[in-house]
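Below, all heavy atoms of this structure are taken into account, side chains as well, without hydrogens, waters or symmetry copies.
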Amino acid sequence: MCACVVLVVGMVAAINLAVPMLAASDLHPSASALIWIVDTYVVFFACLVIPGGAAGDRFGRKGVLLAGLALFAIGALLSTVAPNVPVLLSGRAITGVGAAAVLPNTLAVLLHAVPAERKGVTIATWASMTGIGGAVGNVGGGAVLSGGSWRWLFAAAVPLSLVLAALVARIAPVSPRRDRPIGPLGAVLLVGASVALLLGIVEGPEKGWGSPIVLTGFAGSVVLFALWTFVELKAEHPLLDPRLFRVPALRSACLGMTAIFFGMFALFYVNASFLQYGKGFSVLLTGLGIIPLTVPVVLGARKVGKLVQRVGVDATVAIAFVFCGCGLVGLSTNDASTPYPVYAAWLVVTGIGVTLALPTLSAAISGSLPPAQAGVGAGLQATTREFGSALGVAVIGTVLTGQFVAALPSDLRAEHDPHTVAQALAIAPGRAPEVISAFVTSTSTALRVIGVSVLVLGALVVLQSRLSRNTK
């Protein structure tokens, strides 16, 4: 079960390493298409993870888990052979649906399989895999991509999925089914609203912020989120009851989880290209280069509980956001000449913030709900994590594209209007230093925007939490 979690979470991180390869590939993706290649998987993963858990309860957790692994393999295979961007996006969407079926049902199978006295340790071990999955995705993805093609990343996922499916079929026990409604309309509306929101964000730099597609995306998102709320409020057994967000502690914890993953996966997206373009790292070294971020998670996660007991939840969350936001701002001060140890030190600072935030916010989400709604709490955690990841990639990709175009030499911009490093280098290969300099400048601006955003969101999270405690 833990290996299944590492596979589906690792893919979220690994794809970022392939962005430079994809940009220079024969698919010739635009800047916005690169963001969609990363985000399509994450959006379907985020929005369908709660329905995926409900499907497991209704049709059998083992069966839905196996179906999820099969879909993951099919989507990865389609992505491997994709002749163009639309087919690749279709493969990414299918893989995301598979991931949404896998993640919640791994935990459900585990809880059914272990005795009551081991459930606490089992949940903690399972939860740690979501963090380890990011590290494995970066290192493993870097190793696979060293083969020279982005297609290798998806090709490697196919046999891994099938081997895990065989192990699940043989080892996992069959759990009883429950007659739980799935609410397909609510799931479709949530996916549609999320895609429409990201459409508006992602297409802005290329199409123009006042263009019909961007305005339609933002307007459609508002309408679809409103319809989703209406449908879930009217449902007799809603998958995700919007009324839950009336609980201030739950609301602030969910915002906090979204904000942390917003910052972390924005960093993952830009780090891969910065280390490869700006510092000339190989794809394997780039995967290894993010490891300092995970060091605090590995060494300090078990000690966070003691800090919470000593200074309280609000203070711990505040410290977490200060470290995370300041780490991202610190990373924005790096350029191509900055020694890697300095870059790594700022990664460690960011990692300390992530280490403090994740268990504290996870406990806050779980503690805000009664034990009977533990499954909803787990689904909320997964949804907020993945939605924050998708939003972070969309926002930093959008800022990066806009700033990169603005930083390019005026003649290159006026004549050819390139929106990615690969496009600019293909047009003017003899002007690589100017192109790379423009990209490094845009990276600094994008990271600074994300870092400040994380600090502001962190202040809102802490303020919301303190106000909720004062009004009790």
Side-chain angles (χ1 to χ4, degrees), residues 16-39 85 150 199-211 213-214 266-283 285-286 289 328-340 342-343 346 392-453:
N16 295 295
L17 296 171
V19 167
M21 286 185 181
L22 282 159
S25 71
D26 55 0
L27 299 185
H28 305 297
S30 65
S32 59
L34 285 172
I35 299 172
W36 281 115
I37 290 168
V38 175
D39 259 359
V85 171
W150 58 269
L199 181 69
I201 295 171
V202 171
E203 297 296 336
E206 291 193 12
K207 299 293 194 300
W209 293 104
S211 64
I213 189 171
V214 171
L267 171 60
F268 284 169
Y269 182 80
V270 80
N271 167 78
S273 297
F274 174 73
L275 291 183
Q276 291 181 67
Y277 288 136
K279 291 193 170 296
F281 279 25
S282 69
V283 68
L285 279 178
T286 300
L328 290 167
V329 173
L331 285 165
S332 74
T333 63
N334 288 258
D335 56 29
S337 63
T338 303
Y340 172 74
V342 175
Y343 187 81
W346 286 115
V393 169
V395 171
I396 201 167
T398 298
V399 175
L400 192 67
T401 300
Q403 291 299 311
F404 173 68
V405 172
L408 283 171
S410 57
D411 60 324
L412 189 60
R413 186 172 65 244
E415 291 179 23
H416 305 285
D417 194 28
H419 281 70
T420 68
V421 174
Q423 289 173 354
L425 292 177
I427 293 163
R431 303 178 68 177
E434 295 172 273
V435 173
I436 298 302
S437 176
F439 176 76
V440 170
T441 300
S442 63
T443 297
S444 295
T445 303
L447 281 171
R448 197 171 300 118
V449 168
I450 296 298
V452 172
S453 299

How far does CZ of F274 sit from OG of S332, to the nearest 0.5 angstrom?
10.5 Å
Residue of the set L27, V19, I37, V283 for which side-chain contact (heavy atoms from CB on, under 4.5 Å) holds with W150:
L27
What's the verdict on side-chain contact (heavy atoms from CB on, under 4.5 Å) for L275 and L285, showing C-alpha distance, side-chain angles and the deciding distance?
CA-CA 9 Å; L275 291 183; L285 279 178; over 6 Å; no
Looking only at heavy atoms, which two atoms of P418 and L408 are closest? And how far apart?
CG-CD1, 3.6 Å
Say you draw a straight line from OG1 of T401 to CD1 of I396; how long is it, rounded to the nearest 0.5 Å?
10.5 Å
Pair I427-L412, side-chain contact (heavy atoms from CB on, under 4.5 Å): steps then yes or no
CA-CA 9 Å; I427 293 163; L412 189 60; 4.0 Å; yes
Rounded to the nearest 0.5 Å, the CD atom of E434 sits from the CG atom of L425 at a distance of 11.0 Å
Please work out whether the ring planes of F439 and Y277 are parallel, tilted or perpendicular, with thresholds of 30° and 60°.
perpendicular
Any donor-acceptor N/O pair, S453 side chain to V449 backbone, under 3.5 Å:
yes
Can you see which heavy atom on Y269 is nearest to which on G397, and at what distance?
CE2-CA, 3.9 Å
Taken to the nearest 0.5 Å, the spacing of I450 CD1 from L400 CG works out to 10.0 Å
Nearest heavy-atom neighbours spanning A266 and G392
CB-O, 3.5 Å
Taking every heavy atom of A33 against every heavy atom of V85, the minimum-distance pair comes out as CB-CG1, 4.2 Å
Considering the options V435, D335, T338, which one meets the side-chain contact (heavy atoms from CB on, under 4.5 Å) requirement together with V440?
D335
When rounded to the nearest 0.5 Å, the distance separating CG of D39 from OG of S32 is 11.5 Å
Measuring from atom OG of S337 to atom NZ of K279, what distance do you get when rounded to the nearest 0.5 angstrom?
7.0 Å
Set out, in order, the CA-CA distance, both residues' side-chain angles and the distance that settles side-chain contact (heavy atoms from CB on, under 4.5 Å) for N271 and T443, then state yes or no.
CA-CA 9 Å; N271 167 78; T443 297; over 6 Å; no
Nearest atoms (heavy-atom pairs only) where S282 meets Q276
O-CG, 4.4 Å
In short, Q423 meets S30 closest at the heavy-atom pair NE2-CA, 3.9 Å
The test is side-chain contact (heavy atoms from CB on, under 4.5 Å); show your working for Q403 and T441 and say whether it passes.
CA-CA 8 Å; Q403 291 299 311; T441 300; over 6 Å; no
All pairs passing ring pair (Phe, Tyr, Trp, His ring centres under 6.0 Å) where residues 395-414 contributes a residue, at least two apart
none
